[in-house]
Amino acid sequence: MGVLTTLLMFVASLDAQGFALPQPTMTIDPPMKIILPGEDFLLMCHFPLTHCNVDFYRNYTHRISSIFDARNIATFKNQEDGRSIGHNTYTCKYQKFFDNNKTWEYSPLSEPTEIVITGVIPKPTISLEPASGAVTVGGEVHINCTSSYPSHIARLYKNDSRIPILTKNVSDSEQTVIFTIEDLETLDSGEYSCSFAKTLKGTEYTSSRSDIVKLNVTYDISKPTIHMEPAFGTISVGGRVQIICNSSSPSIASHLYKKYVNKPFDIHNNSGSEWSVTFNMLDLVPAEGGKFCCSFMKMANGEVYETLCSNFVNIVVTAELPKPTISVEPASGVVTVGDSVQINCSCNYPCQTSHLNKKYGKIPVATRQVSDSEVSVTYKMGDLEPKESGSYACHCLATVKGAVYKSSLSDFMEINITDILPTAMISVHPPSGVVNRGNTIRLTCSGSILSSGGWYYLYQDGKLHHSKQVAGFLQSTTSHILTRAGTWKYKCQYARKVNETKYYSPTSKPVLVTVRDRNGASNVYFSPLYLFGLVLLGSLIILLTE
């Protein structure tokens with residue numbers, strides 16, 4: 001009742017003022033944007049008044065129908081033929097006669113409705129279940145074909161054949177048709193597409209074919225498992241990787257693929273009973289890194305087929321050779337001037353050249369050429385002087401598949417050369433150090449003399465008694481002393497000559513030698529402390545006798 005009152009008030013307002021009528025709206029049934037030639041569709045014009053005349057237009061100016069004395073809605077059943085193929089615009093407007101002023105009032109045109117008249121049904125879409133398209137022999141696949149336009153017939157095609165392998169009738173309410181293929185064989189593998197068709201007045205209208213989906217029917221589609229050693233997959237140039245591929249059943253061959261490369265990177269022919277294959281990749285260079293997967297070739301019923309590829313493993317090959325290891329003998333790295341050390345440098349990859357570097361040095365201090373069978377190089381450093389103390393490291397060079405690569409430096413080893421020689425030692429014979437005059441005292445001085453030889457020095461009461469040059473590795477020298485009666489203090493010292501510099505050891509601890517005359521007396525040497533003790537003892541005796 002309220003709607004009617006509002007409408008009457010609106011009409012009274014129009015009668016009084018003579019305003020233009022409200023704009024109508026246009027709808028279409030069915031609500032399609034594409035219409036086939038000869039297909040019926042309804043155009044409906046909606047407006048808020050009664051007793052109105054309604055005109056329908058195509059492309060704004062061509063009037064295609066008029067409806068008289070319509071109430072709120074006017075419906076026109078339209079049909080277009082081949083002459084209207086293309087984009088078409090449909091509008092409507094209405095008019096009403098008002099008795100109070102005996103005039104016609106006209107509405108504006110409705111908003112346009114776009115419709116395409118076409119002789120081709122829209123291209124359908126297609127999908128597979130399972131989506132991978134990989135199915136085992138004896139299984140089934142569902143091929144889903146969907147049209148955006150109500151059609152009567154759906155057709156399924158294989159490969160490029162013009163003749164459908166399956167055809168289905170479609171109801172007006174169906175948009176998706178499911179083609180099911182059961183008991184699959186390997187011959188069913190291929191590319192599939194579909195189309196839709198509709199017949200109107202003896203004429204069949206068809207869609208273009210959908211995109212293709214690929215069906216792969218095999219006897220075993222399970223993906224192999226894959227892993228590699230080392231598991232992290234990052235190695236230095238010249239290194240090696242093992243890729244292990246495992247199948248769910250025996251195979252006749254296995255293929256190793258590099259991502260984005262269609263042909264196999266490596267092929268391993270199997271005995272037919274093998275379930276696991278190992279691919280050895282040796283002397284790798286950076287260009288050979290990448291992502292790899294593997295597959296198996298199998299045979300069933302006399303037919304060879306390939307499984308799916310496994311997951312990918314990633315191999316990264318750095319441009320540096322493996323870092324060498326370094327050690328020194330003696331392990332402490334501390335030696336005395338003139339001594340030698342051995343520095344051992346070991347590489348995990350056979351190198352042709354090895355360099356020994358001193359920290360902050362611009363050029364190697366030593367270079368060695370290495371044979372193919374050597375993985376360790378020994379640098380012998382002799383006649384060392386303090387200036388050669390420092391940190392040492394090594395690196396190596398190798399040619400891998402025609403290109404030269406360098407390793408990073410090893411860790412640094414500290415070498416410390418001290419100029420403090422071991423202290424000389426002196427011994428006396430007889431051990432008491434006491435002989436009668438005319439007998440010989442034998443003094444032996446011991447020191448650390450190198451292969452280059454050295455010198456021994458004997459001191460009597462602080463003065464050089466005599467020196468002696470000796471050949472290499474002579475670790476002691478003996479002097480025979482024949483002297484007058486008395487007590488004497490002897491020390492010794494030795495020296496090394498390293499390159500052009502002479503290095504002296506600390507002097508030995510002193511030994512006392514006493515030579516007695518024939519009546520037992522000797523010019524005994526008394527120390528100041530001993531004499532001071534004798535004076536104190538004499539004074540004490542005098543005090544006690546008084």
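- A cation-pi geometry, defined here as NZ or CZ lying under 6.0 Å from the six-membered ring centre and within 45° of its normal, does not hold between R162 and Y157.
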*Give the intermediate values and the outcome of side chain to side chain donor-acceptor pair (under 3.5 Å) for residues S479 and H466.*
CA-CA 9 Å; S479 300; H466 70 268; 2.9 Å; yes
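- The pair K401-E288 meets the salt-bridge criterion, with a side-chain N (NZ, NE, NH1 or NH2) lying under 4.0 Å from an Asp/Glu carboxylate O.
- Under the 3.5 Å distance criterion, the side-chain polar atoms of S467 are left unmatched by any main-chain donor or acceptor of Y457.
- Heavy-atom contacts from other residues, nucleotides or ligands closer than 6.0 Å to NZ of K509 number 12 or fewer.
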*Stepwise side chain to side chain contact (heavy atoms under 4.5 Å, CB included) test for V135 and N216*: CA-CA 6 Å; V135 187; N216 182 25; over 6 Å; no
Quick one: side chains of residues 335-350, donor-acceptor pairs under 3.5 Å with protein atoms, not counting sequence neighbours, listed by atom name and distance.
| residue | atom | partner | partner atom | Å |
| --- | --- | --- | --- | --- |
| D339 | OD2 | T336 | N | 3.3 |
| N344 | OD1 | T378 | OG1 | 2.9 |
| S346 | OG | S376 | OG | 3.3 |
| Y349 | OH | D283 | OD1 | 3.0 |

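- No donor-acceptor pair under 3.5 Å is formed between the side chain of S247 and the backbone N or O of W275.
- Within a 6.0 Å radius of CD1 in I420, no more than 12 heavy atoms belonging to other residues, nucleotides or ligands are found.
- The environment of F232 atom CZ is dense: over 12 non-hydrogen atoms of other residues, nucleotides or ligands sit within 6.0 angstrom.
- Using modelled atom types, one side-chain atom of S189 and one backbone atom of V217 make a donor-acceptor pair closer than 3.5 Å.
- No more than 12 heavy atoms of other residues, nucleotides or ligands lie within 6.0 Å of CD1 in I163, so this atom counts as exposed by the packing criterion.
- Atom OH of Y490 sits about 14.0 Å away from atom OG of S427, to the nearest 0.5 Å.
- Contact between V237 and V285 at its shortest, heavy atoms only, is CG2-CA, 3.9 Å.
- Residues S354 and Y379 have side chains that bring a donor and an acceptor to within less than 3.5 angstrom of each other.
- For the atom pair S251 OG and N269 CG, the distance stands at 10.0 Å (nearest 0.5 Å).
- Proximity of a side-chain donor or acceptor of R496 to a complementary backbone N or O of S448 within less than 3.5 Å is detected.
- For the residue pair T440 / H480, no side-chain donor-acceptor distance below 3.5 Å is found, with atom types taken as modelled.
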_Working for disulfide bond (SG atoms under 2.5 Å apart), residues C309 and C293_ = CA-CA 6 Å; C309 212; C293 70; 1.9 Å; yes
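- Annotation: disulfide (SG to SG under 2.5 Å) contacts involving residues 409-448, sequence neighbours excluded, comprise C445-C492.
- For the pair Q493 (side chain) and S505 (backbone), a donor-acceptor distance under 3.5 Å is present.
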*Yes or no on side chain to side chain contact (heavy atoms under 4.5 Å, CB included) for H355 and L397, after CA distance, side-chain angles and deciding distance?*
CA-CA 8 Å; H355 294 304; L397 303 175; 3.8 Å; yes
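- With values rounded to the nearest 0.5 angstrom, K259 atom NZ is found 9.0 Å from N314 atom CG.
- One side chain, H268 or N270, offers a donor N or O that lies under 3.5 Å from an acceptor on the other.
- Separation of atoms CG (D160) and CD1 (I212) is listed at 8.5 Å; rounding is to 0.5 Å.
- For M297, the CE atom counts as densely surrounded, since its 6.0 Å shell holds more than 12 non-hydrogen atoms of other residues, nucleotides or ligands.
- Among all heavy-atom pairs drawn from G290 and K258, the shortest one is CA-CE, 4.1 Å.
- In this structure, the side chain of E140 does not engage the main chain of L184 through any donor-acceptor pair within 3.5 Å.
- There is a side-chain donor-acceptor pair under 3.5 Å between T444 and T478.
- Looking at heavy atoms from C-beta onward, V120 lies out of side-chain contact with T206 at the 4.5 angstrom threshold.
- Note on ring orientation: taking the six-membered ring where Trp is involved, the planes of Y494 and Y456 are tilted (angle from 30° to 60°).
- If you check the side chains of E306 and S295, you find a donor sitting under 3.5 Å from an acceptor.
- Between L282 atom CG and R240 atom CZ the span is 5.5 Å, to the nearest 0.5 Å.
- Considering only heavy atoms from C-beta on, T418 stays 4.5 Å or farther from P386 through its side chain.
- Q369 and T353 are linked by a side-chain donor-acceptor pair at a separation below 3.5 angstrom, with hydrogens and angles left out of the test.
- Using a 4.5 Å heavy-atom threshold, the side chains of K358 and Y360 count as separate.
- Remark: the backbone N or O of I226 is not paired with any side-chain donor or acceptor of S310 at under 3.5 angstrom.
- At a threshold of 4.5 Å between non-hydrogen side-chain atoms, the residues I143 and I181 count as touching.
- Within the 4.5 Å cutoff, the side chain of I481 has heavy atoms near those of the H465 side chain.
- By the 4.5 Å heavy-atom criterion applied to side chains, E320 and K406 are not counted as neighbours.
- Residues Y392 and I415 are in side-chain contact: their nearest non-hydrogen atoms beyond the backbone lie under 4.5 Å apart.
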*Could you please spell out the steps behind the side chain to side chain contact (heavy atoms under 4.5 Å, CB included) verdict for L321 and C351?*
CA-CA 9 Å; L321 293 170; C351 296; 4.3 Å; yes
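- Under a cut-off of 6.0 angstrom, the local environment of CG in N159 is crowded, with over 12 non-hydrogen atoms contributed by other residues, nucleotides or ligands.
- Side-chain contact, S147 with Q175: no donor N or O sits under 3.5 Å from an acceptor N or O.
- For the pair P230 and V241, the tightest heavy-atom approach, listed with the atom from each and the gap, is CD-CG2, 4.3 Å.
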*What's the verdict on side chain to side chain donor-acceptor pair (under 3.5 Å) for T514 and T487, showing C-alpha distance, side-chain angles and the deciding distance?*
CA-CA 4 Å; T514 299; T487 297; 3.2 Å; yes
*Dump the intermediate steps for ring-ring contact (aromatic ring centres under 6.0 Å, His included) on Y257 and F292, then the final yes or no.*
CA-CA 6 Å; Y257 289 96; F292 293 83; over 10 Å; no
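- Using modelled atom types, no side-chain atom of S254 and backbone atom of V277 make a donor-acceptor pair closer than 3.5 Å.
- T176 and N144 are not linked by any side-chain donor-acceptor pair at a separation below 3.5 angstrom, with hydrogens and angles left out of the test.
- For the atom pair NZ (K323) and OG (S407), the distance works out to 10.0 Å, reported to the nearest 0.5 Å.
- Nearest approach of S276 to I244, heavy atoms of both residues: OG-CG2, 3.7 Å.
- For the 3.5 Å distance criterion, the side chains of T477 and K468 qualify, holding a donor opposite an acceptor.
- A side-chain donor from one of N280 and Q242 sits under 3.5 Å from a side-chain acceptor of the other.
- Side-chain contact check for V434 versus R516: some heavy-atom pair is nearer than 4.5 Å.
- Remark: the Y503 side chain and the E385 side chain contain an N/O donor-acceptor pair separated by less than 3.5 Å.
- Among the candidates V404, V370, T399, the single residue satisfying the side chain to side chain contact (heavy atoms under 4.5 Å, CB included) test with Q352 is T399.
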